[in-house]
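Since the structure comes first, as structure tokens, the remarks are kept for the end.
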Amino acid sequence: MFGSIQSYKPALELLNQVDADVITFEMASSHCAEMEDVGKAITHMKVGIGVIDHHTLQVEAPTEVAEIVRKALKAIPAERLVLSSDCGMGREGMSRRHAFYKMVSLVQGVNLVKKELGLQLTESPAADPKWSLLRIKQ
């Protein structure tokens with residue numbers, strides 16, 4: 001798609017003036033390259049951070065999601081942080097099954113961080129091993 005990762009930096013000052021409740025940024029696919037810049041520049045609205053990469057069919061491990069969440073919490077106050085996928089997954093031709101498991105991983109990764117912080121976990125029935133794509137010997 002792009003020869004290099006596109007930068008938000010030139011637009012951050014203007015984006016901070018947008019009349020919106022939430023403004024979102026792709027961070028998973030850019031390896032959080034501008035997380036600190038976004039956190040410093042966007043000061044009055046909620047900030048949506050993509051923790052799931054829509055460019056790949058590889059389902060992120062919950063630990064990978066948790067790592068991005070921890071970085072986001074260092075740059076953006078928790079009360080203004082929204083977690084999402086980088087972008088919609090349909091346009092990349094991703095199957096619903098892949099998208100489903102990526103979203104399950106998002107919830108599991110956030111729950112890892114919530115557990116570390118002593119917060120209530122989000123129920124995730126889809127994380128039940130009986131729905132796994134992996135065969136688990138018991």
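From a predicted model like this one, the values you see are computed outputs, not experimental measurements.
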Shortest non-hydrogen contact from [X] toward [Y]:
X	Y	value
Val18	His44	O-NE2, 3.7 Å
Gly48	Val22	N-CG1, 3.8 Å
Thr56	Met94	O-CE, 3.4 Å
His98	Leu57	CD2-O, 3.1 Å
Met45	Leu15	CE-O, 3.3 Å
Val51	Ala28	C-CB, 3.6 Å

In the structure I gave you, are the side-chain heavy atoms of [X] and [Y] within less than 4.5 Å of one another anywhere?
X	Y	value
Ile49	Ile68	yes
Glu64	Gln58	no
Glu60	Ser105	yes
His54	Lys102	no

Could you tell me whether Asp21 atom CG has more than 12 heavy atoms of other residues or ligands within 6.0 Å of it?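 No, CG of Asp21 has 12 or fewer neighbouring heavy atoms, counting only those of other groups under 6.0 Å.
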Any chance the side chains of Ser7 and Glu34 put a donor and an acceptor closer than 3.5 Å?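 Looking only at side-chain atoms, Glu34 and Ser7 do form a donor-acceptor pair, the distance falling under 3.5 Å.
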Is a donor on one side and an acceptor on the other found under 3.5 Å between the side chain of Asn16 and the backbone of Ala41? yes
For residues 35-53, which residue pairs pass the salt bridge (Lys or Arg N to Asp or Glu O under 4.0 Å) check, not counting sequence neighbours?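 Output for this query lists Lys9-Asp37.
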Would [X] end up clustered with [Y] when hydrophobic side chains under 4.5 Å apart are linked, directly or stepwise?
X	Y	result
Val59	Val107	no
Leu119	Val65	yes
Val82	Val113	no

In Å, rounded to the nearest 0.5 Å, how long is the span from [atom1] of [X] to [atom2] of [Y]?
X	Y	atom1	atom2	answer
Gln17	Ile42	CD	CD1	9.5 Å
Ile52	Met103	CD1	CE	5.0 Å
Leu112	Lys115	CG	NZ	8.0 Å
His55	Ser29	NE2	OG	5.0 Å
Arg70	Leu117	CZ	CG	9.0 Å
Met35	Phe25	CE	CZ	10.5 Å

